[in-house]
J.: 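Quick one: this structure, given as structure tokens, is what I'll be asking you about.
Chain letters run A, B, ... following the sequence lines, proteins first and then strands; every chain starts at 1.
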Amino acid sequence: MSNEETQTTNFIHDIIDADLASGKRTEVVTRFPPEPNGYLHIGHAKAIYLDFGTAEKYGGRCHLRFDDTNPEAEDEEYVRAIQEDIKWLGYDWGEHLYWASNYFDTMYEYAVRLINKGKAYVCELSSEEFKEYRGVPTRPGKEPPGRDRSVEENLELFEKMKNGGFEDGACILRAKIDMTSPNLHMRDPAIYRIKRATHHNTGDKWCIYPMYDFAHCIEDSIEGVTHSMCTLEFEVHRPLYDWILQELEAFQSRQYEFSKLNLTYIVLSKRRLLQLVNEGLVGGWDDPRMPTLCGMRRRGFTAAAIKKLCAIVGCTKFEGITEIEQFESIVRDDLNENSLRAMAVVDPIKVVIDNYPEELVEEFEVPNHPQKEEEGKRTVPFSRELWIERTDYMDDAPNKFKGFTIGREVRIRGAYLVTCDSVEKDAAGNVVSLRCTYDPESKGGNAPDGRKVRSTIHWVSAKHAVDTEVRLYDRLYTVENPLGDKEKDFKDFLNPDSLKVITAKLEPGLAQAKPGDRYQFERVGYFCADLDHTPAKPVFNRTLTLRAPRKM
RNA sequence: UGCCCGAUAGUGUAAUGGAAGCACAUGUGACUUUGACUCAUAGGGUCCUGGUUCGAACCCAGGUCGGGCAACCA
């Protein structure tokens, strides 16, 4: 899949074009600001694509900045995983790795500056009282006591907060804006809270930590971020973002909001993902059914496909839902183009070729990619007994059926034309094996007399097959929108068949695959060697089936 | 009964006052040593009502519908 920009423009790029043309900006600086409190998922991929992709398009730079302002929620474990996932997507922040926590001193100074301007004050209301004074969207708030404290007193109180002179939650620092604003976020928002927690970076240096609204705009400003992109729910925070930077007379970064990625059959809420992991409903964060980047990587999805999806969904202010079929189509395009072919039988029945010599083994050459001769050929062993797919035999098959039925000749791909003479079934009526005869003149699969054979099926020599664990993954949910039913929990829609573990018969060369190697098992689907895969105990994950066949 | 934002085929998007396109999905057909791929072909759209204009998806007004905002989270 090509990496070229399929995205022409979007409303943010239009703004950037105008900023550059007017001279308001001379460079483009963006940032991706994850909080290290969870794993990245495909929704984050959209933000990463927009942040890094925009910088790339304009020859600017994109910073990776960990927004670590809440030590209670954050953990070092996530820092490594987040970096790995961004790199996997193919982005590089170079020297520009930053931490919000490295700006704590500046943020403190900025808070003092606000106090000195009479634009911030210490408030001793409890959180319940705080809510009460703030009012509700339809009614204005009222001014809390202590709002008109002197600068000196506020300075003293704030310093006492910093020095640990108050219990956690005893008071907060608030911006002094307008308790009657129709925008709740402007009703004297909290900007610093007391929280005795050990920070992964600053240890126990601080017992006060800045709130998101205060911290984020300052982080952007310090770094010279010109265009700060975030999701739609922050739209109402923008006036506060602008207010703080203006009052501080700091570099004016600007915030732009876009809609989150939504996909059918996928749930992207951190809380619910955590629930799946904690309740053991999936194998972990990197379970191939998870929409996390590590899970999708393990499943066999490619970074190119994820970025292509981001390009196609674009960047708008309208919150919609993209059909998963769109993504699957992109994945199949990529995998069809870039994965080598192999043969594997996932639900085997045996074929015995009665007129083929008992001990003979032939090697047949088959192409690694039907459209790419440069990918070369490999040899597969052929012998008297083969495994074929159970679905490739049918009693009294209709004419359009591709596989065997008694009396029908079928091409064994790359090998011979074979006719089914009889079928053997067990007591329950299940097919056990097919007795067949082959045409020795049809070596390679072409009949000497030019007769047409409509069907070609895949196979593996029984004598040479490698037994392999195959994990057949399917959608995690049975409905498009598991969150759509207010009466039910999303877990009620978990697909009981989202994982089926089977033993398949593989052509022998496949055991040598490396974890992460991708193949198309012909006529079956796209598969990827799992992290657990070893030559001695092969494990393959099904990424996707082939595009659903037309009805017969 | 507040404030902010949005609305283009089933879905995701383009068209920035001048012929409403593209992709996915769906139907039909062709090709095929993968029922894949590929190719051909069909149906289907500007939320509503007005206004401005020679001309409106685009500008204006009013409405409708949808989303967001009431954590000492981000």
Side-chain angles (χ1 to χ4, degrees), chain A residues 6-11 14 33-35 37 67 69-70 72-74 123 125-127 130-131 134-141 168-174 181-187 189-195 208-209 211-213 215-216 230-239 257 259 262-264 270 309 311-330 332-333 336-337 341 343 366-367 370-371 400-403 411-415 417 444-446 453-458 520-526 545-552:
Chain A
T6 47
Q7 185 183 8
T8 50
T9 187
N10 62 51
F11 75 96
D14 290 346
E35 183 186 15
N37 72 344
D67 204 5
T69 58
N70 184 4
E72 279 177 349
E74 295 149 13
C123 173
L125 253 29
S126 68
S127 60
F130 177 91
K131 280 176 193 162
R134 184 182 44 213
V136 292
T138 50
R139 269 197 317 280
D168 283 16
C171 52
I172 54 171
L173 185 71
R174 301 177 72 165
S181 170
N183 182 343
L184 280 310
H185 298 279
M186 298 297 273
R187 319 242 263 229
I191 61 177
Y192 256 99
R193 80 282 214 185
I194 304 169
K195 187 173 284 212
I208 56 171
Y209 292 95
M211 300 290 294
Y212 168 85
D213 283 314
H216 205 91
C230 61
T231 47
L232 249 26
E233 69 267 27
F234 291 100
E235 218 159 7
V236 284
H237 295 240
R238 182 164 13 102
E257 310 86 12
S259 63
N262 271 308
L263 290 165
T264 55
K270 242 181 214 180
L309 175 75
I312 282 173
V313 301
C315 175
T316 66
K317 303 198 73 157
F318 178 62
E319 189 116 12
I321 186 157
T322 301
E323 292 172 336
I324 195 65
E325 288 84 353
Q326 177 94 53
F327 178 60
E328 292 175 346
S329 167
I330 293 166
R332 289 189 179 105
D333 265 4
N336 175 55
E337 178 79 15
R341 309 297 131 117
M343 290 196 285
V366 289
Q371 280 87 36
K400 290 185 121 180
F401 179 69
K402 278 283 204 177
R411 180 181 296 107
I412 300 294
R413 182 156 164 90
L417 300 182
N446 288 306
V453 177
R454 196 183 47 253
S455 7
T456 301
I457 65 169
H458 62 282
Q520 185 200 97
F521 292 173
E522 286 187 295
R523 303 210 308 137
V524 180
Y526 296 100
T545 62
L546 257 27
R547 211 179 298 270
R550 277 198 282 272
K551 302 277 179 292
M552 283 195 296

J.: Rounded to whole angstrom units, what separation is found between the CD atom of A/Gln371 and the P atom of B/C39?
T.: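 It is 11 Å, rounded to the nearest whole Å.
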
J.: Hey, does A/Pro367 reach any base, or is it just sugar-phosphate, or nothing, if we go heavy atoms under 4.0 Å?
T.: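 No contact.
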
J.: Taking only N and O in the side chain of A/Arg454, is any of them less than 4.0 Å away from OP1 or OP2 of B/G35?
T.: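 It does not, given that no N or O in the side chain of A/Arg454 lies less than 4.0 Å from OP1 or OP2 of B/G35.
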
J.: Please measure how far the C1' atom in B/G44 lies from the corresponding atom in B/U8, and state the result in whole Å.
T.: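 Per the computed distance, 13 Å lies between those C1' atoms.
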
J.: Taking atom types as modelled, find out whether A/Glu35 and A/Asn70 have a side-chain donor-acceptor pair closer than 3.5 angstrom.
T.: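 Absent: no donor and acceptor within the cut-off.
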
J.: When you compare the side chains of A/Asp14 and A/Thr9, does any donor N or O come within less than 3.5 Å of an acceptor on the partner?
T.: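 Yes, side-chain donor-acceptor contact under 3.5 Å.
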
J.: Rounding to an integer number of angstrom, what distance separates B/U11 and B/G67 when you compare their P atoms?
T.: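 B/U11 and B/G67 have their P atoms separated by 15 Å.
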
J.: Hey, which of these two, A/Lys131 or A/Tyr526, hits RNA chain B nearer its 5' end, going by closest nucleotide?
T.: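 Whichever sits nearer the 5' end wins; that is A/Tyr526.
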
J.: Between P on B/C72 and CZ on A/Arg174, what's the gap in Å once rounded to a whole number?
T.: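 Rounded to the whole Å, the gap is 9 Å.
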
J.: Hey, does A/Thr69 reach any base, or is it just sugar-phosphate, or nothing, if we go heavy atoms under 4.0 Å?
T.: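 Counting heavy atoms under 4.0 Å across all strands, the contact made by A/Thr69 is with sugar-phosphate only.
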
J.: According to the interplanar angle, ranging from 0 to 90°, do the rings of A/Tyr212 and A/His237 count as parallel (below 30°), tilted (30 to 60°) or perpendicular (above 60°)?
T.: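 Because their plane-to-plane angle is over 60°, the rings of A/Tyr212 and A/His237 count as perpendicular.
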
J.: Hey, does the side chain of A/Asp67 reach the backbone of A/His216 with a donor-acceptor pair shorter than 3.5 angstrom?
T.: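 Checking the backbone N and O of A/His216 against the side chain of A/Asp67, no donor-acceptor pair under 3.5 Å is found.
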
J.: Which part of the nucleic acid, if any, lies within contact of A/Ser127, taking any heavy atom under 4.0 Å across all strands shown: a base, the sugar-phosphate backbone alone, or nothing?
T.: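 The answer is base, as A/Ser127 lies within the cut-off (heavy atoms under 4.0 Å) of a base atom.
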
J.: Using a 4.0 Å heavy-atom cut-off, does A/Asn183 contact any base of the nucleic acid, only the sugar-phosphate backbone, or nothing at all?
T.: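 Answer is nothing: A/Asn183 stays at 4.0 Å or more from every strand.
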
J.: Return the OG1 to OH distance between A/Thr69 and A/Tyr192, rounded to the nearest 0.5 Å.
T.: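 Going from OG1 on A/Thr69 over to OH on A/Tyr192, the span is 10.0 Å.
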
J.: How would you label the contact of A/Leu173 with the nucleic acid (heavy atoms, under 4.0 Å): base, sugar-phosphate, or nothing?
T.: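 Answer is nothing: A/Leu173 stays at 4.0 Å or more from every strand.
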
J.: Within this structure, what is the CG-to-C1' distance between A/Leu546 and B/G35, rounded to whole angstrom?
T.: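 One finds 9 Å between C1' of B/G35 and CG of A/Leu546, rounded.
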
J.: Have a look at A/Phe234 and say if it touches a base, only the backbone sugar-phosphate, or nothing, with a 4.0 Å heavy-atom cut-off.
T.: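 The answer is base, as A/Phe234 lies within the cut-off (heavy atoms under 4.0 Å) of a base atom.
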
J.: Give the rounded distance in Å between these two atoms: NZ of A/Lys317 and P of B/G12.
T.: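 Roughly 18 Å, once rounded to whole Å.
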
J.: Any side-chain donor paired with an acceptor under 3.5 Å for A/His458 and A/Arg523?
T.: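 Side-chain D/A pair, A/His458 to A/Arg523: present.
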
J.: State whether A/Arg332 places a side-chain N or O below 4.0 Å from either non-bridging phosphate oxygen (OP1 or OP2) of B/A36.
T.: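 It does not, given that no N or O in the side chain of A/Arg332 lies less than 4.0 Å from OP1 or OP2 of B/A36.
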
J.: Would you mind classifying the nucleic acid contact of A/Gln520 as base, sugar-phosphate or nothing, using non-hydrogen atoms under 4.0 angstrom?
T.: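 Base, at least one base heavy atom under 4.0 Å.
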
J.: Within the structure, does a side-chain N or O atom of A/Arg134 lie under 4.0 Å from either OP1 or OP2 of B/A71?
T.: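 It does, given that an N or O in the side chain of A/Arg134 lies less than 4.0 Å from OP1 or OP2 of B/A71.
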
J.: With no hydrogens and no angle check, is any side-chain donor or acceptor of A/Arg413 less than 3.5 Å from a backbone partner on A/Thr456?
T.: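 No.
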
J.: Going from CD on A/Gln520 to CZ on A/Arg332, what distance comes out if it is rounded to the nearest 0.5 angstrom?
T.: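 One gets 11.0 Å once the value is rounded to the nearest 0.5 Å.
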
J.: Could you measure between the two P atoms, the one in B/G63 and the one in B/C69, and give it in whole Å?
T.: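 Pairwise P distance, B/G63 against B/C69, rounds to 24 Å.
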
J.: With a non-hydrogen cut-off below 4.0 angstrom, is A/Asp168 in contact with a base, only sugar-phosphate, or nothing?
T.: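 No contact.
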
J.: Under 4.0 angstrom, heavy atoms only, what part of the nucleic acid is A/Val136 near: base, sugar-phosphate, or nothing?
T.: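 The answer is base, as A/Val136 lies within the cut-off (heavy atoms under 4.0 Å) of a base atom.
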
J.: Looking at A/Glu325 and B/U11, is any side-chain donor or acceptor paired with a base atom of the opposite kind under 3.5 Å?
T.: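 Absent.
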
J.: Describe the nucleic acid contact of A/His216 in one word from base, sugar-phosphate, nothing, applying a heavy-atom distance below 4.0 Å.
T.: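 If one applies the 4.0 Å heavy-atom cut-off, A/His216 turns out to touch nothing in the nucleic acid.
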
J.: Base, sugar-phosphate, or nothing for A/Asp14, non-hydrogen atoms under 4.0 angstrom?
T.: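 It contacts base atoms.
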
J.: Say we look at B/C59 and B/G21: how far apart would their C1' atoms be, to the nearest angstrom?
T.: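 These two C1' atoms come out 23 Å apart once rounded.
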
J.: Please state the P separation for the pair B/C22 and B/C5 - nearest whole angstrom.
T.: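 Each nucleotide's P atom is 34 Å from the other's.
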
J.: I want to check one thing: is the phosphate of B/C5, taken as OP1 and OP2, less than 4.0 Å away from some side-chain N or O of A/Arg238?
T.: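 No.
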
J.: Would you say B/U13 has OP1 or OP2 under 4.0 Å from some side-chain N or O of A/Thr316?
T.: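 For A/Thr316, the contact criterion (side-chain N or O under 4.0 Å from OP1 or OP2 of B/U13) is met.
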
J.: Suppose we call a contact any N or O donor and acceptor under 3.5 Å apart; does that hold for the side chain of A/Glu319 and the base of B/G68?
T.: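 Counting by modelled atom types and ignoring angles, no donor-acceptor contact under 3.5 Å is found here.
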
J.: Which part of the nucleic acid does A/Ile172 contact within heavy-atom distance under 4.0 Å: base, sugar-phosphate only, or nothing?
T.: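 Touches a base.
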
J.: Base, sugar-phosphate, or nothing: which does A/Ile321 touch, judged by heavy atoms less than 4.0 Å apart?
T.: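 Touches sugar-phosphate only.
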
J.: Taking A/Arg547 first and then A/Glu328, would you say they form a salt bridge - that is, a charged N and a carboxylate O separated by under 4.0 Å?
T.: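 No, no charged N to carboxylate O under 4.0 Å.
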
J.: Can you tell me the distance, in whole Å, between the CG atom of A/Asp333 and the C1' atom of B/C39?
T.: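 Distance, rounded to whole Å: 15 Å.
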
J.: With rounding to the closest Å, how many angstrom separate the P atoms on B/A15 and B/U34?
T.: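 To the nearest whole Å, 41 Å.
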
J.: Once you apply a heavy-atom cut-off of 4.0 Å, does A/Glu235 come out as touching a base, just sugar-phosphate, or nothing?
T.: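 Sugar-phosphate only.
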
J.: Which is more 5' along RNA chain B, the nucleotide nearest A/Asp213 or the one nearest A/Gly414? Just name the residue.
T.: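 With A/Asp213 and A/Gly414 compared, the 5'-side residue is A/Gly414.
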
J.: Please determine, for the side chain of A/Lys400, which listed nucleotide (B/G35, B/C24, B/U34) has the closest atom?
T.: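 In terms of side-chain proximity for A/Lys400, the closest of B/G35, B/C24, B/U34 is B/G35.
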
J.: Closer than 4.0 Å, any side-chain N/O of A/Arg547 to the OP1 or OP2 of B/U38?
T.: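 It does not, given that no N or O in the side chain of A/Arg547 lies less than 4.0 Å from OP1 or OP2 of B/U38.
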
J.: Which of these nucleotides, B/A15, B/C73, B/C37, is closest to any side-chain atom of A/Asn70?
T.: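 The nucleotide sitting nearest to the side chain is B/C73.
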
J.: Rounding to a whole Å, what distance do you find between A/Asn262:CG and B/G68:C1'?
T.: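 Going from A/Asn262 (CG) to B/G68 (C1'), I get 13 Å.
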
J.: Rounded to whole angstrom units, what separation is found between the CG atom of A/Leu125 and the C1' atom of B/A71?
T.: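 It works out to 16 Å between those atoms.
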
J.: Looking only at atom C1', what distance separates B/G45 and B/A23, rounded to whole Å?
T.: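 My reading of the C1' atoms in B/G45 and B/A23 gives 15 Å.
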
J.: Could you measure between the two C1' atoms, the one in B/A14 and the one in B/C73, and give it in whole Å?
T.: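 The answer is 38 Å between these two C1' atoms.
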
J.: Rounded to whole angstrom units, what separation is found between the CZ atom of A/Phe318 and the P atom of B/G6?
T.: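 The distance from CZ of A/Phe318 to P of B/G6 comes to 12 Å, rounded to the nearest Å.
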
